[in-house]
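These notes concern the structure reproduced below.
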Amino acid sequence: MTEDRRTHTCGDLRLADAGRDVLLMGWAASVRDHGGCVFINLRDRYGITQIKADQTVAPEAFSLATGIKMESVVRVHGRVADRGSNRNPNLATGEIEIEAAFLEVLNPAKPVPFTIVDDVDASEVTRLNYRYLDLRRPVLAKNLILRSKVARLTREFLDAQGFLEIETPILCNPTPEGARDFLVPSRVHPGDFYALPQSPQTYKQILMVAGFDRYYQIARCFRDEDLRADRQPEFTQIDMEVSFATPELMYELIEGMLATIWKGVFDLDLQRPFPRMPYSEAMEKYGCDKPDLRFGMPMVTITDVVAASGFKVFADVAARDGVVTALRVPDAESFSRKDLDGLTKVATDNGAKGLAWFKIGAEEWSGSAAKFLNPEEKQAIRDRTGAGVGDLLLVVADDAGPARQALGAVRLKVGDRLGLREAGKWSFLWVENFPMFEWDAGENRPVAVHHPFTSCVPEDLDLLETQPLKMRARAYDVILNGTELGGGSIRIHRRDVQARVFKALGLTEEAAKTKFGFLLEAFEYGAPPHGGIALGLDRLIMLLTGASSIRDVIAFPKTTSATDLMTASPSAVDPGQLRDLHLEISKSSK
RNA sequence: GGGGUGGUAGUUAAGUCGGUUAUAACGCCGGCCUGUCAAGCCGGAGGCCGCGGGUUCGAGUCCCGUCCACCCCGCCA
């Protein structure tokens with residue numbers, strides 16, 4: 001061995017390699033000292049290989065091995081040997097071990113704050129402080145390896161479809177709509193600021209005007225909003241834009257891309273095309289715009305059936321144009337009073353004033369308000385919902401929005417409870433025909449449901465100045481198992497239409513010109529019709545890996561207060577730096 | 001901004017009604033041990049009970065404030 005290069009990784013060697021001379025390097029994952037011999041589990045990101053150092057065979061290697069501390073970096077030269085009757089079925093390399101001839105500690109490690117194993121017992125604070133140790137854990141490493149594979153599959157697929165990968169600026173202009181921007185002060189222009197992109201939206205539209213008819217980018221995006229288990233201030237999108245696009249073309253492309261990913265990751269053929277559902281149906285049947293269709297159990301509107309009911313709550317809601325909506329659940333008897341109280345809490349937490357429940361018995365109905373319903377009403381409810389003896393009916397009466405949202409949340413809880421939200425089941429869905437705008441009571445104006453560059457269903461355009469809230473957008477979301485994987489739209493490509501939409505959003509002509517003048521002008525120089533979509537890569541990896549936190553699919557994530565525990569960022573800066581940037585920190589904020 | 005849960009040895013946790021020297025496991029240190037699989041056995045060291053006040057003869061324990069982490073609501077075109 002003239003060269004100090006490893007011959008194999010710690011996941012490579014098999015029984016067929018027995019007898020070979022090899023050189024391995026890796027981390028000591030465990031050191032088991034038996035007196036006359038020492039076993040070392042040598043780990044790298046490819047796997048674990050057992051090293052054996054025997055006093056009688058290689059005294060020097062043996063004495064070195066006895067002193068090896070966990071997580072030290074070790075170089076081993078030895079021969080691959082059959083483990084015979086002592087094989088370890090839990091390791092891919094478990095049929096063999098390396099009989100060490102020479103051994104060297106390349107870098108000794110201090111005692112580690114936690115043991116590097118998959119079912120780690122350290123708190124997340126400790127793990128994030130020592131992220132480099134946490135990332136040595138095979139489960140976490142596996143997530144990042146999968147992430148890399150998905151990015152590669154994405155690039156290969158899009159490249160084959162004629163897409164160009166084009167980078168767009170990280171230093172952009174602040175945006176008036178949407179999330180809070182991260183700002184970057186300009187040194188050269190005192191008092192002026194860049195913003196980090198919330199998405200490359202306007203740049204990719206400009207690329208369409210420039211003639212790059214198929215663009216994509218695995219793009220980092222930044223939004224200065226509070227964090228969640230599935231939300232980080234910086235995140236990654238698979239961002240695409242296509243000239244001469246139709247929704248059908250976008251569906252085909254995204255379905256093809258996801259099918260390629262699922263084939264590459266699970267060797268699974270996705271069923272295509274994905275089902276589609278109008279927004280209005282999603283809201284009515286599932287109480288949200290991203291229904292989990294791994295199970296059915298749609299909600300059913302029964303307002304008309306109970307409008308004249310003796311149960312005042314139902315009758316009153318019906319009288320004031322509210323909605324009474326019902327969920328039929330099988331096997332009522334498996335739901336205890338405590339379960340039902342729990343579901344009631346889910347309903348009230350989600351904006352409902354309460355949850356009525358009825359257990360349909362052979363003779364009588366039992367439940368909170370059963371005595372207020374007459375036999376005809378009960379029969380009508382059964383006819384409408386299809387409920388039979390032994391079923392449970394959960395009912396919320398309120399204004400349409402809160403009633404459906406609350407019962408939709410109850411539906412998901414019931415799905416969990418009945419084990420209907422199975423891991424490993426993949427239920428894709430396109431939701432389409434979103435409303436173009438919704439009313440923002442705080443701002444006292446309509447705001448774009450998707451974003452201000454979204455076009456509307458052509459026949460709705462004339463409603464823009466009169467009834468904008470009635471307009472349907474040419475927008476689409478791709479949903480997987482109740483999670484929004486991504487969303488997009490066919491864009492506006494005409495200056496006059498874009499100007500009218502800005503106006504409807506309450507943007508003055510002057511503000512529109514200042515913020516988006518370049519886009520409006522570009523539309524006057526031959527902008528092709530175009531559309532696009534962006535998929536959340538972090539969430540996609542979460543779903544593929546089953547990770548419960550977005551932090552487990554990002555190499556260096558932030559805590560819920562947007563700090564990095566390892567590097568202790570953000571941090572104070574030198575006064576000179578502030579001076580360069582023409583900034584002053586106000587006393588009250590510190 | 002609001003609600004909830006948690007913070008005790010290097011790590012993970014226990015700690016009763018406020019009362020003796022704050023426990024345990026793993027890790028660490030020393031010793032034994034040639035077929036372990038996060039080896040095992042014997043012995044030992046190791047504490048700002050998150051931080052700051054308060055109540056009390058006495059506080060890990062009760063009260064007030066504060067910091068940090070996680071989950072949720074608001075927010076996230």
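Labels below follow one simple rule: chain letters A, B, ... track the order of the sequence lines, proteins then strands, and each chain is numbered from 1. Note that the coordinates shown come from a computational prediction; the quantities given were computed from them, not determined experimentally.
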Suppose we screen for salt bridge (Lys or Arg N to Asp or Glu O under 4.0 Å). Which residues come up paired with A/Asp477, at least two apart in sequence or across chains? none
Of all heavy-atom pairs between A/Phe114 and A/Arg137, which one has the smallest distance, and what is that distance? CE1-CD, 4.4 Å
For B/U11 and B/C63, measure between their C1' atoms and round to the nearest Å. 32 Å
N-O pairing of A/Lys558 and A/Glu234 below 4.0 Å: yes
Round to the nearest Å and state the distance from A/Asp230 atom CG to B/C75 atom P. 16 Å
Should the pair A/Tyr279 and A/Phe434 be assigned to parallel (<30°), tilted (30 to 60°) or perpendicular (>60°) ring geometry? tilted
5' priority, RNA chain B, between A/Asn350 and A/Ser199 [closest heavy atom]: A/Asn350
At 4.0 Å (heavy atoms only), tell me whether A/Arg127 reaches a base, stays on the sugar-phosphate, or touches nothing. nothing
A/Lys413 NZ to B/C72 C1': how many Å, rounded? 12 Å
Suppose you measure atom P in B/G15 against the same atom in B/G27; what distance do you get, rounded to whole Å? 24 Å
Under 4.0 angstrom between A/Arg32 side-chain N/O and B/U36 OP1 or OP2: no
What integer number of Å spans the P atoms of B/A14 and B/A25? 16 Å
Return the value, rounded to whole Å, for the distance between atom CG of A/Asn88 and atom P of B/C37. 9 Å
Is any N or O donor-acceptor pair between the side chain of A/Arg223 and the base of B/C76 shorter than 3.5 Å? no
Base, sugar-phosphate, or nothing for A/Thr563, non-hydrogen atoms under 4.0 angstrom? sugar-phosphate
Between B/G40 and B/U34 - C1' atom distance, rounded Å: 13 Å
Please tabulate, for side-chain N and O atoms in residues 497-511 of chain A, each donor-acceptor pair with protein atoms closer than 3.5 Å (sequence neighbours left out).
{"unit_1": "A/Gln498", "atom_1": "NE2", "unit_2": "A/Pro452", "atom_2": "O", "d": "2.9"}
{"unit_1": "A/Arg500", "atom_1": "NE", "unit_2": "A/Glu465", "atom_2": "OE2", "d": "2.9"}
{"unit_1": "A/Arg500", "atom_1": "NH2", "unit_2": "A/Glu465", "atom_2": "OE1", "d": "3.0"}
{"unit_1": "A/Thr508", "atom_1": "OG1", "unit_2": "A/Ala511", "atom_2": "N", "d": "3.0"}

Identified stems (criterion: three or more consecutive Watson-Crick or G-U pairs, under 3.5 Å), RNA chain B: B:1-7 with B:67-73, B:10-13 with B:23-26, B:28-32 with B:40-44, B:50-54 with B:62-66
Rounded distance (Å) that lies between atom P of B/A14 and atom CG of A/Asp121: 13 Å
When rounded to the nearest Å, what value does the distance between P atoms of B/C26 and B/A69 take? 32 Å
Using atom types as modelled and distance alone, determine if a side-chain donor or acceptor of A/Thr93 lies under 3.5 Å from a backbone N or O of A/Ile48. yes
Would you classify A/Thr126 as touching base, sugar-phosphate or nothing, given that sugar-phosphate means primed atoms plus P, OP1 and OP2, and contacts are heavy atoms under 4.0 Å? sugar-phosphate
With no hydrogens and no angle check, is any side-chain donor or acceptor of A/Thr115 less than 3.5 Å from a backbone partner on A/Val117? no
Gap between atoms CD1 and C1', on A/Ile550 and B/A69 respectively (whole Å): 18 Å
Position toward the 5' end of RNA chain B (nearest nucleotide), A/Ala562 or A/Gln405: A/Ala562
Indicate whether OP1 or OP2 belonging to B/A13 is found under 4.0 Å from a side-chain N or O atom of A/Ser123. no
Distance between the C1' atoms of B/C33 and B/G43, in whole angstroms? 15 Å
Distance below 4.0 Å between A/Arg87 side-chain N/O and B/U36 OP1 or OP2: no
Base, sugar-phosphate, or nothing for A/Val38, non-hydrogen atoms under 4.0 angstrom? nothing
Quick one: what's the B/S/- string for nucleotides 28-35 of chain B, heavy-atom cutoff under 4.0 Å, read 5' to 3'? -S---BBB
Starting from C1' on B/C75, measure out to CD on A/Gln198 and report it in whole angstrom. 12 Å
Whole-Å C1' distance, B/C41 and B/C17: 41 Å
Is a salt bridge present between A/Asp552 and A/Arg127, judged by a nitrogen-to-oxygen distance below 4.0 Å? yes
Side chain of A/Asn41, heavy atoms from C-beta onward: which of B/U36, B/U11, B/A38 has the nearest atom to it? B/A38
Round to a whole Å and report the spacing from CD1 of A/Ile40 to P of B/A39. 11 Å
Mind checking if A/Pro452 touches a base, just sugar-phosphate, or nothing, with heavy atoms under 4.0 Å? base
Restricting to non-hydrogen atoms, name the atom on A/Asn129 and the atom on A/Met566 that form the minimum distance, rounded to 0.1 Å. O-CG, 3.7 Å
What is the distance from CG of A/Asn90 to C1' of B/A39, rounded to the nearest Å? 14 Å
Please determine if A/Asp134 and A/Arg131 form a salt bridge, counting it only when a charged side-chain N lies under 4.0 Å from a carboxylate O. yes
Applying ring pair (Phe, Tyr, Trp, His ring centres under 6.0 Å) as the test, list every pair that has at least one member in residues 36-57 of chain A; sequence neighbours left out. A/His34-A/Phe39
Would you indicate which nucleotide in B/A38, B/C71, B/C37 comes nearest to any side-chain atom of A/Val117? B/A38
Separation of the C1' atoms in B/A59 and B/C48, to the nearest angstrom: 15 Å
Under 4.0 angstrom, heavy atoms only, what part of the nucleic acid is A/Val125 near: base, sugar-phosphate, or nothing? sugar-phosphate
Among the nucleotides B/A69, B/A38, B/C71, which one has an atom lying closest to any side-chain atom of A/Ala229? B/C71
Is the distance from OP1 or OP2 of B/A39 to the nearest side-chain N or O of A/Ser30 less than 4.0 Å? yes
With A/Tyr194 via side-chain contact (heavy atoms from CB on, under 4.5 Å) - residues at least two apart: A/Leu171, A/Val184, A/Ser186
